[in-house]
Amino acid sequence: MTMMPIEDVCRLAPVVPVLVIDDLDKAVPLAEALVAGGLRALEITMRTPVALKAIRAVADAVPDAVVGVGTLRTADDVKAAVDAGSRFGVSPGFSPVMMDAAHAAGLPMLPGVATPSEAMAASERGLKILKFFPAEANGGVPVLSAWSSPLAGISFCPTGGIGLKNAPDYLALSNVLCVGGSWVAPKKAIEQGDWAAITKLASEASGLST
Ligand code: 3PG
């Protein structure tokens, strides 16, 4: 499996879709719909029983997608996700045990932080790109803006509470590379197989300025 640096993953498009897949049969058409709309980096969360199979299916069937795993919390999750074909990993927080496992597995990581101390701990391990989570609940744009000077050199992918309306405010910040969000893949549209609607949401998202 070819890994790419997390910065390259974050620069593929302005938005990384956060996907919760309940029905394995929906994984490939969902990924195709998002890629058709210009979103190539896809985070499939480990929140459903079929998540690993969904990662494998997308990795095998959608060559233009760069499939990653989300909601990583344990070293065992890391190994399973890499075995399934994940090319990057996203986690809600910053766990040294999990980061060791990701490093050993060669999995580029986007770990979550919510404070300057966590960002500094991640930076000490050489990480320069972090997820700010949950972005809106933690103060959103004003907090990231306030971090830009004291935490110079660290960039963020804010995630949590972001949609088409507030994404531009985040993307305008100098320390934001991309944003994460589930709004481009609504649960109802996935259930109904409304892939045209998802491609439209993805197109709007991929057209955002960075
Ligand atoms: C999540 O917690 O599921 C992700 O951070 C996405 O959050 P969102 O649903 O608010 O986009």
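Order of appearance sets the numbers: ligands from 1, and atoms from 1 within every ligand. Small disclaimer: the values here were computed from a predicted structure and weren't measured. When reading the values below, keep in mind they use all heavy atoms of this one structure, side chains included, and skip hydrogens, waters and symmetry mates.
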field: Closest protein heavy atom to atom 7 (O) of ligand 1, given as residue, atom name and distance to 0.1 Å
entry: G160 CA, 3.6 Å
task: Identify the protein heavy atom lying closest to atom 8 (P) of ligand 1, giving its residue, its atom name and the separation to 0.1 Å.
output: S182 OG, 3.5 Å
field: Per-atom contacts of ligand 1 with F133, taking only distances under 4.0 Å to non-hydrogen atoms
entry: 2 (O), 5 (O)
- prompt: Parallel under 30°, tilted from 30 to 60°, perpendicular over 60°: which one fits the rings of W147 and F156?
  reply: tilted
- prompt: Are V141 and L130 in one and the same hydrophobic cluster, where Ile, Leu, Val, Met, Phe, Trp and Tyr link if side-chain heavy atoms are under 4.5 Å apart?
  reply: yes
message: Using a 3.5 Å cut-off on N or O atoms only, is R47 in polar contact with ligand 1?
response: yes
field: Enclosure of M120 CE (heavy-atom neighbours >12, cutoff 6.0 Å)
entry: no
task: Decide whether an N or O pair under 3.5 Å exists between G161 and ligand 1.
output: yes
field: Any N or O of T159 closer than 3.5 Å to N or O of ligand 1
entry: no
task: Applying salt bridge (charged side-chain N to carboxylate O under 4.0 Å, His left out), name anything that partners R125, two or more places apart in sequence or on another chain.
output: D100
statement: The complete set of salt bridge (Lys or Arg N to Asp or Glu O under 4.0 Å) pairs with one or both residues in residues 179-199, sequence neighbours excluded, reads D22-K187, K187-E191
- request: Taking the side chain as every heavy atom from C-beta outward, state whether F132 and V176 have any atom pair closer than 4.5 Å.
  value: no
task: Within a distance under 4.0 Å of any heavy atom of G181, pick out the atoms of ligand 1 and give their elements.
output: 11 (O)
